[in-house]
Each structure stands twice: as structure tokens, then as C-alpha cells.
Amino acid sequence: MKRTEIKQLFSAQAEGWIDTTVNVKGWVRTKRGNKNVAFIALNDGSTINNIQIVVDLATADQDLMRRITTGACISVDGKLVRSQGAGQAVEIQAQDIVLYGEADPDTYPLQKKGHSMEFLREIGHLRPRTNTFGAVCRLRHHMAYAIHTFFHERGFFYFHTPLITASDCEGAGEMFQVTTLDMANPPRKEDGSIDYEQDFFGKQASLTVSGQLEGELGATALGKIYTFGPTFRAENSNTPRHLAEFWMIEPEMAFYDKADLMGLEEEFIKYCVQWALDHCMEDLEFLNKMIDNSLIERLRSVVSTEFVHLPYTEGIAILEEAVKKGHKFEFPVFWGADLASEHERYLVEEHFSKPVIMTDYPKEIKAFYMKQNDDGKTVQGTDVLFPQIGEIIGGSVREESYDKLMARITELNIPMKDMWWYLDTRRYGTCPHAGFGLGFERLMLFVTGMANIRDVIPFPRTPKTAEF
Ligand code: 4AD
Ligand code: MG
């Protein structure tokens, strides 16, 4: 018999199937009942909702029923009927049950509800079977789909930038090396240094921290591109907001100025959040109930709020004022300081109660490629700061002048031989352009209300953890 997904059984279409026989397949969440009847809550991942299977124990195979426990996988043929009990519209009166796979109750770890997030990380191979991670995974899919749709509808091209690269886009030296050299005995040059010419790529190579530099090559040919792929950072940050492997979306646009860029950043995030509200309400309601009871309200508020535009210098003045009034920050506030997430969150959550796009940062705390302002001190960065999250987007107008870019590269001692191809964009037909990077998992944190970034990606990679 053809299988019906449980999601379909709760749709309007299912009205027409009442009193007919259907087949469902899935994993047992719970089994309860009495001497006469058993109730099995079955979930197949298509929706947060379980279908209730009602089994008449007078006619059921007793041995089979004993082996159907939490976590087991079964196939059920049965009559779809309107439910007598509260909590569900329809249920299935079982006629025939096939047990695909048992789950030994003595060892299957997902027995009771309410496991801690820390425990669930230890069983990351099974946690997608929980309600919370099912909801997170479905939302992740929907956000990825929304992102591709957003850019496609606006004429952007999905541009595939390399994961293995020889350049450090952010210049922060946080790259994972990729090599096939013998670690115990690498070939050496006469001066004792490692001879990378003998390595696989003939030079030192790493995993990318950002596809931006190659993205700029795309934008200065195709006009508007975006990337959407994994990025890697070997920063030893054990925080609820950092991963060593995360996904980033990086649009890059020729002929965009700072105002265009900020407009796109705001429109993009609002589109994604609105998409979640439009397409994922059942999962959001679950997360709102179980994880964070202001989640839906916060999502609605972001889509209807105009983001604040705040130059860094004004932001620092606000933070200094807060310090004067007695607000305690862990890290010092002064012009030139890189903002910590406590500072970002103070501005967003306490001072403005709105998302903030911060602009025009001191050049010393930003990457070499940002467009330099005439004051000689600041650059046209446009980071988006969000409630609960802090920085969700890092963006900027790019320096299009060959001479100014070159001067900055020299000032920062960036090895020139690695950058020749990037400089060619400024040498041949240079153009004003701009772009940004959105951390996909930071967006997922916001959209799900989850507190830790390890819990919005199926298999998190962080310092000292690469299990599963
Ligand atoms: O601010 P970042 O470092 O900017 C760039 O990489 C630019 N090249 C982007 C661009 O202009 N095309 O990173 C961009 C975003 C951050 O705002 C944050 O959301 C996310 O990537 N991010 C991380 N997310 C999870 N774990 C980490 N370790 C992250 N580092 C950055
Ligand atoms: Mg940044």
C-alpha cells in the first residue's frame, strides 16, 4: 500500500480520506494504554505532529506489541478516523502493523522527554529524532530555500567559490591548513622551513574563511552574485555564537553604495524571518512553547521595525554615556575598540530596542578591503547587530581604488604575491561595489530562539569536538 506522509494526514486534503485505509511509516515516540487498547504516537519527520495509532489489543499480536517501544520503526495500515480524544483531529485504527526495527529500551537513549541540550549533543547522531531538533532541521531547510529564492527573484546568480584557497580573506590568520605532506617528516628547504612546493597544490593551502574575494570576481563580471557554502575558522572561541565550521551567505553587488547595501541587508533578513512566519508556524509554535516564549513576538517585531543606522562613533558615545551612568561592561569602551557582543547587545536590546546597522568603523579593526572614508580614519563597514545574537551580518562597501587598496595592503604587510588576481579587479575596469556575509547559524539562532549555536546545526564543529 502506498505510504502517506503524516503531514498530509493533518492537511485539508485528509478530509476526503476519512474512513478509508491509509499507510504510514515512522518512529514510535511513545506508547501508552491499558489492557484493552494501546495508543502509539508515531512521527515520520514530515511534521512536528505525531499521528495517534490506536491498537485493539484483543486482536493484536501480543509479542509484536511488546517489541514496539519508543524509538522503534514501524509501518501501519489502518483506517483514518476522526479522533475521539483531545489534541488531534484524526487518528488511525490499526489493522496491520509491520515492525521494521526495534529499539532496545535498555539502551535507546531517547526514552523520556526533557533531555538537556548538553546531553543531546553527546548523542548528536540521534538528536534529529527529537521534537526540538526536528523543528530546527525543518527550519534550516526552509531558511536555505528562502535565501536561494530571495536572491533568484532579484536577479542574483549563485556563484560557487572555492573551499580550498591560498588567501586569507579576513586576514585574521585563523585558517585550517590543507596538506598531504607527511606531518612527522615534512620536506624542508635549505633554510629549514617547510617546502610547500612539494605539497599537493604546490603551495600552502587552507580551508576558506570567506568566499568574498572570489565573490568580488563574480560581481565584477555578472553584476550581482551570492555564495552560500561552508566556511571554516580556526579561532579558539568557545562561545554560544562561534563554530569552527559554519555556513555563510555572501552577496556581492557591482554599483551598490552604502545606502543600497544597508537596504539589501535589511530587506534580506526581513524576508527570511517573514518566510519562517509564513511557512514554519507549527515548528515556531513548538519552539515558542518549549524553548523561548517571546520567539514569535520577536520575529514579528523584527519584520515590522525599521533598522537603526548608527555610525560607530555615535555608538561609542552611547556606550560611554552608559558607562558614565553606571552600566558595567566586562570589556572597556573607547573609540577604536572592537565591540564585544555585550556592547552590541546593549545598543540593540537596551538602548534602541531595534536591530542596528552600525557603519563607518575605525579602519584598524576592519579588514583591508573596506572602502576608506575621506577622514582617513574610518571605513565603510555596515554590520547588522541583532537582539540576542549581536553581529549577524558583516558587510562593507569595497575599496575600488587600486592605489588606496594597495596602500592599505602594504600598510598591513599582506603578502602581495598572493593577491595579484584580486588586485586585477581594480586594475581592469574597476567599479564601485559592495557586499556582506550573513552567518547562517546566527540567523538560525535568531529564528529558532535556541541559545547555543551548537544546537542549530546538525553536526557542530568546535574546538576539541568533531564527533559524528
Ligand atoms: O564578519 P565576518 O568575518 O565577515 C566576512 O567574512 C566578510 N568577508 C563577509 C563579506 O563581506 N562578504 O563574517 C560574516 C558573518 C558574521 O557577521 C557572523 O554572522 C558569521 O559570519 N560568523 C560566524 N558564525 C559562526 N561562527 C563563527 N566562528 C563565525 N564567524 C563569523
Ligand atoms: Mg565581522
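For ligands, and for the atoms within them, numbers begin at 1 and follow the listed sequence.
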Practice task
Show which atoms of ligand 1 fall inside a sub-4.0 Å distance from at least one heavy-atom site of Gly439.
Solution key: 15 (C), 19 (O), 20 (C), 21 (O)
Problem - Flag, side chain of Arg29 to backbone of Arg129, donor-acceptor distance under 3.5 Å - result: yes
Fill in the blank from the handout: atom 28 (N) of ligand 1 has as its nearest protein heavy atom Glu235 OE2, 2.7 Å
Exercise for the section: May I ask you to identify, for Ser237, whether its side chain, its backbone, both or neither come under 4.0 Å of ligand 1 on a heavy-atom basis? Expected result: neither
Completion exercise
shortest atom 26 (N) of ligand 1-to-protein heavy-atom contact is with Leu243 N, 2.9 Å
Problem - Side chain His152, main chain His148, donor-acceptor under 3.5 Å - result: no
Exercise for the section: Run the numbers for me: atoms of ligand 1, each under 4.0 Å from some heavy atom of Arg241, listed by number. Expected result: 25 (C), 26 (N)
Practice task
Please could you name the atoms of ligand 1 that Glu391 approaches to less than 4.0 Å, counting only its heavy atoms?
Solution key: 1 (O), 16 (C), 17 (O), 19 (O)
Practice task
Say whether Met248, considering both its backbone and side-chain N or O atoms, lies within less than 3.5 Å of an N or O atom on ligand 1.
Solution key: no
Handout entry: Ile453, any N or O under 3.5 Å of ligand 1 N or O
Key = no
Practice task
For Cys169, counting its heavy atoms only, list the atoms of ligand 1 lying under 4.0 Å from any of them.
Solution key: 8 (N)
Practice task
On the 0 to 90° scale, with breaks at 30° and 60°, tag the Phe119-His115 ring pair as parallel, tilted or perpendicular.
Solution key: tilted
Practice task
Answer yes or no: is there a donor N or O on one side and an acceptor on the other, between the side chain of Asp383 and the main chain of Thr359, under 3.5 Å?
Solution key: no
Completion exercise
Under 4.0 Å between heavy atoms, the region of Ile393 that gets near ligand 1 turns out to be backbone
Exercise for the section: Keeping the roles fixed (side chain from Asp292, backbone from Ser294), state whether a donor-acceptor pair exists under 3.5 Å. Expected result: yes
Exercise for the section: Please find the N/O/S atom of Glu391 nearest to the Mg ion (ligand 2) and write down its name. Expected result: OE2
Problem - Rounded distance (nearest 0.5 Å) linking atom NE2 of His343 with atom CD of Glu330 - result: 9.0 Å
Handout entry: Identity and separation of the nearest protein heavy atom to atom 9 (C) of ligand 1
Key = Glu250 OE2, 3.3 Å
Problem - Closest approach of any protein heavy atom to atom 13 (O) of ligand 1, naming residue and atom - result: Arg233 NH2, 3.7 Å
Handout entry: Side-chain donor/acceptor of Glu399 to backbone N/O of Gln372, under 3.5 Å
Key = yes
Practice task
Assign the ring pair Phe156 / Tyr256 to parallel, tilted or perpendicular, where the plane angle (0 to 90°) is split at 30° and 60°.
Solution key: perpendicular
Problem - Backbone or side-chain N or O of Ser210 under 3.5 Å from ligand 1 N or O - result: yes
Practice task
For the pair Phe459 and Phe468, name the ring-plane relationship: parallel under 30°, tilted 30 to 60°, perpendicular over 60°.
Solution key: tilted
Exercise for the section: Report yes if some N/O of Glu252 lies less than 3.5 Å from some N/O of ligand 1; otherwise report no. Expected result: no
Handout entry: Nearest protein heavy atom with distance in Å, relative to atom 15 (C) of ligand 1
Key = Gly437 O, 3.6 Å
Practice task
Using atom types as modelled and distance alone, determine if a side-chain donor or acceptor of Lys25 lies under 3.5 Å from a backbone N or O of Asp44.
Solution key: no
Practice task
Answer with yes or no after comparing the ring centroid distance for Tyr158 and Tyr226 against a 6.0 Å cut-off, counting only values under it.
Solution key: yes
Exercise for the section: Output yes when a side-chain donor or acceptor of Arg140 lies under 3.5 Å from a complementary backbone atom of Phe440, and no otherwise. Expected result: no
Completion exercise
Among Phe246, Trp247, Phe436, closest by heavy atom to atom 27 (C) of ligand 1 is Phe246
Practice task
Starting from atom 11 (O) of ligand 1, find the nearest protein heavy-atom neighbour and note its residue, name and distance.
Solution key: Arg398 NH2, 2.9 Å
Handout entry: Part of Arg442 within contact of ligand 1 (heavy atoms, under 4.0 Å)
Key = side chain
Problem - Backbone or side-chain N or O of Gly394 under 3.5 Å from ligand 1 N or O - result: yes
Handout entry: Whether Asn373 side chain and Lys377 backbone form a donor-acceptor pair below 3.5 Å
Key = no
Fill in the blank from the handout: atom 7 (C) of ligand 1 has as its nearest protein heavy atom Glu170 OE2, 3.3 Å
Exercise for the section: May I ask whether Ser396 has any heavy atom positioned less than 4.0 angstrom from an atom of ligand 1? Expected result: no
Handout entry: Polar side-chain atom of Arg442 near backbone of Glu391 as donor-acceptor pair, under 3.5 Å
Key = yes
Problem - Atoms in ligand 1 flagged as close to Tyr369, the criterion being non-hydrogen separation under 4.0 Å - result: 7 (C), 8 (N)
Practice task
Can you pull out the closest protein heavy atom to atom 19 (O) of ligand 1? Residue, atom name and distance to 0.1 Å, please.
Solution key: Ile392 O, 2.8 Å
